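Report on the following structure.
What you are looking at is a predicted structure, and each value in this text was computed from that prediction instead of being measured. In what follows, chains are A, B, ... by sequence order, proteins preceding strands, each numbered from 1.
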Amino acid sequence: MAPKRKRQETGKEKRASKRTKATIVHSEFPKLSEKSAKAASAKGNQTIGTPATYSHWLLKSEPNSRFENGVDMKFSFDDLKSSPNQTACWDGVRNYQARNFLRDQMKLGHDVFFYHSNCKEPGIIGQCKVVKESYPDHTQFDPKDPHYDRTSSKDNPKWFMVDVKYVRPLDKFITLAELKKTHKAHQSSAGPLRNLALFTKARLSVQPLSQEEWDYILKMEHSDES
DNA sequence: GCCAACGTTGGC
DNA sequence: GCCAACGTTGGC
């Protein structure tokens, strides 16, 4: 299958085995690595606020060709549409925070914005949805793949992915510029996009959205603003 | 192509 | 466990 386009490097991690839900302490965003998650847990159960759970997401993908170890990282919204069954696995994510969202929180039927990044006009182009929950990302086991991770094993995979299916293009492409403008305005007015991960966690390729953020962005789809 | 922001690594 | 060096992301 054609590789998707989800960057982020390989690192080292000590995997925490068999943690039970009850013992996991989440801050609003999961920890950056298993190591720091363990460190945070070890500090005791001083819960840092209510565990945030999400059911809406934004996935970044590059619509333009860019080669990494001879492999094209391009995966546009149209590429998703023309995939078999209009469905693709979201492989190649190599960032712990993003991995944790993929592995732990993205559930069947969850709504997803498809975002075009690293291109002339970045922005949200369409909607897709989760059609298969977390399973091991095969590219970590393939030495020829740019996202190969020699520190991972089939017995104890480090990286996970979900499958997403094309839903629809937005009626209006929502540009990064428009989102940023709104985000800045909402920072002053305490509006719904004041904490949008696109700006507060800019480098994250798998981003959570609150219901409020999701709804607001959908409204922008039919607003007059340029 | 530049480079700011930020995640990871590894020495100490 | 700190933190400097390094590498990557992704807008511009």
- Closest listed nucleotide, where the reference is the side chain of A:Y96 and the choices are C:dG11, B:dT8, C:dG10: B:dT8

- Message: Rounding to an integer number of Å, can you tell me how far A:E68 CD sits from C:dG10 C1'?
- Response: 13 Å

- Are the aromatic rings of A:Y96 and A:W159 close, with centres under 6.0 Å apart? yes

- Task: Rounded to the nearest angstrom, tell me the gap between atom NZ in A:K181 and atom P in C:dG11.
- Result: 19 Å

- Between CG of A:N118 and C1' of C:dC12 the distance, given in whole Å, is 11 Å

- Spacing between A:R66 atom CZ and C:dG10 atom C1', to the nearest angstrom: 9 Å

- Task: If the plane angle is over 60° it's perpendicular, under 30° parallel, otherwise tilted; pick one for A:H183 and A:F199.
- Result: parallel

- How long is the line joining CG of A:N95 and C1' of B:dT9, in whole Å? 15 Å

- Relative to each other, are the rings of A:Y216 and A:H186 parallel, tilted or perpendicular (30° and 60° limits)? perpendicular

- Query: In whole angstrom, what separates A:D149's CG from B:dT8's C1'?
  - Reply: 13 Å

- Side-chain hydrophobic cluster, 4.5 Å single linkage: members besides A:F141: none

- Task: Give the rounded distance in Å between these two atoms: CG of A:N64 and P of C:dG11.
- Result: 11 Å

With the criterion being N/O to N/O and under 3.5 Å, what pairs connect the protein with nucleotides 2-6 of chain B, and how long is each?
residue	atom	partner	partner atom	Å
B:dA5	N3	A:R203	NH1	3.2
B:dC6	O4'	A:R203	NH1	3.1
B:dC6	O2	A:R203	NH1	2.1

- Item | Parallel, tilted or perpendicular: ring planes of A:W90 versus A:F75, cut at 30 and 60 degrees | perpendicular

- Task: Rounded off to whole Å, could you give me the NE2-to-P distance for the A:H116 and C:dG10 pair?
- Result: 14 Å

- Message: Under 4.5 Å side-chain heavy-atom separation, chaining through any Ile, Leu, Val, Met, Phe, Trp or Tyr, what else clusters with A:V167? Say none if it is isolated.
- Response: none

